[in-house]
Amino acid sequence: MSAQQIFDYLTSSILDVVPELNEHEFRKNDSLVNLGVGSMERADIIIMVLEKLRLKIPLAETYGPNNLGELADLLQSKSQIS
Amino acid sequence: MSQLATDTTTPIPITGLGITSAIGQGKDDFARALFEGKSRFEIMRRRGRQIDSDFIGAEIADFECATVKSNSRYRTASFSSQTAISTLAEAWSDAGLDRYDPKRIGLIVGGSNVQQRENMLLQDRYRENPMFVRPTYGFTFMDTDICASCTSVFDIKGIAFTVGGASASGQLAIIEAAEAIRSGRVDICIALGALMDISYWECRGLRSLGAMGSDNFANQPKLACRPFDKDTDGFIYGEACAAVVLESASVCQERGKSSYAHLSGWATHIDGSRTTAPSLEGEISVIKKALLMSGLTPKQIDYVNPHGTGSPIGDRTELEALATCGLDRAYINATKSITGHGLSAAGAVEVLSTCLQMNQSKLHPSLNMADPINTDFNWVGCESKDANLQHSLSLSMGFGGINTAVCLSKAA
């Protein structure tokens with residue numbers, strides 16, 4: 001799966017959890033924090049993407065990326081390893 | 001607004017009501033169905049209520065919580081939380097609480113383990129892949145999320161907690177709200193009987209226990225719920241949530257609010273029993289204590305709203321307690337014959353039902369009481385009846401030996 005497909009999973013999950021962002025044009029340098037997404041919502045969003053990818057890794061392994069593009073890259077590399 | 005001196009004798013006005021139930025969403029719809037005796041019993045269809053079964057009950061149709069729709073923060077609110085928010089919105093508006101000091105408003109939610117069906121559905125969904133369970137389940141599984149959702153939406157900053165008293169939870173919340181006002185902890189306190197969202201596991205357990213009614217009326221669900229009738233063999237479930245706003249008499253006067261009724265006496269009694277059996281002694285105790293506190297004699301009680309679930313032994317015990325206390329001449333009907341048994345919500349639903357009847361000087365009918373188990377009582381039959389109700393008594397009982405009673409009087 002490409003990083004772009006994972007980025008698309010991320011944005012669709014964000015919209016599921018925070019539908020108020022439906023007018024936002026997502027970019028790879030967007031960060032969840034800057035989009036105003038709270039920590040509880042962030043956890044739900046990432047778990048939703050992990051479920052779509054069938055990627056069984058601890059949530060803690062997804063910490064670190066500064067923006068959605070970096071997060072998509074990280075998840076792509078993890079999904080290739082698993 | 002400042003904290004007022006503790007008031008330990010004046011009755012406590014009820015200044016706001018809200019209800020979401022199978023027979024009506026909002027007190028106007030609810031009252032209409034109640035007085036017309038329109039029930040909604042059928043084979044239950046909500047997801048997670050049946051497995052190889054045909055449990056009868058009354059379910060809320062076409063419910064939508066406006067708050068959840070407009071604010072994603074509440075997207076994970078359970079059905080119980082959503083009905084609590086909607087029900088509280090009605091009671092809040094009714095009592096006109098928007099401009100009152102939030103630190104002097106409290107919320108007490110009656111009910112424990114009320115989100116069973118949705119918790120079960122979520123566990124079923126993630127049983128094979130528990131790693132993907134939504135992190136927010138870590139706090140939404142707790143009943144206190146109902147307090148969190150409501151206090152967050154309405155900016156309540158006084159006290160907020162849940163109380164568990166099985167089927168007496170709703171009335172227990174009202175009693176605790178009254179005590180919170182009496183003790184001066186808050187000026188206004190909302191008691192909310194939470195919607196007990198049971199799954200097929202609870203239905204099966206309650207049925208096997210002999211508490212929930214059998215399949216005798218599977219082909220005629222509208223006849224299944226029949227408190228105090230000789231053909232009853234258990235309660236019939238009904239989804240409901242009710243909110244009752246209580247406030248100190250001096251605050252009520254200061255705000256110029258009218259009231260539905262005043263809470264003039266209340267009592268609780270614990271039997272010391274880990275069974276589902278009712279206790280004659282416990283029921284007599286709460287009736288006598290509530291009357292004593294209200295300064296009323298049994299003859300002054302115009303109307304009794306009983307617990308009346310349809311449990312043969314429960315119904316018989318309750319009537320024996322009422323007769324022993326000299327309350328066999330007061331009017332009596334059974335709200336649950338129309339609404340079904342809301343379990344944790346029931347006590348609050350029935351205090352609301354009593355308030356509406358006192359205000360409209362009208363008693364609602366009792367459904368399916370074709371052959372009463374005791375004809376010595378002043379039953380309201382299958383038709384509603386006009387009656388001036390100055391003083392009323394409402395009773396609740398819960399598994400595990402919990403008995404409660406409250407006296408309500410019309411505002412002077």
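Proteins get letters first, then strands, A, B, ... in listed order; numbering begins at 1 in each.
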Check your understanding: Is the shortest side-chain N to carboxylate O distance from B:Glu179 to B:Arg185 below 4.0 Å?
Key ->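 B:Arg185 and B:Glu179: not salt-bridged.
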
Point to revise | Under-4.0 Å salt bridge between A:Asp16 and B:Arg75 | key: no

Practice item. Could you tell me which portion of B:Tyr137 (side chain, backbone, both or neither) has an atom closer than 4.5 angstrom to a non-hydrogen atom of chain A? Key: neither

Review point. For B:Ser70, is it the side chain, the backbone, both or neither that has a heavy atom under 4.5 Å from a heavy atom of chain A?
Key: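 Backbone only.
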
Study note, to complete from the structure: The interface call for A:Glu20 against chain B, heavy-atom contacts under 4.5 Å, is side chain

Practice item. Scan side-chain atoms only and decide if A:Asp8 and A:Gln4 contain a donor-acceptor pair under the 3.5 Å cut-off. Key: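 Short answer, yes.
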
Check your understanding: Got a sec: does the CZ of B:Arg73 have more than 12 other heavy atoms crowding it under 6.0 Å?
Key -> no

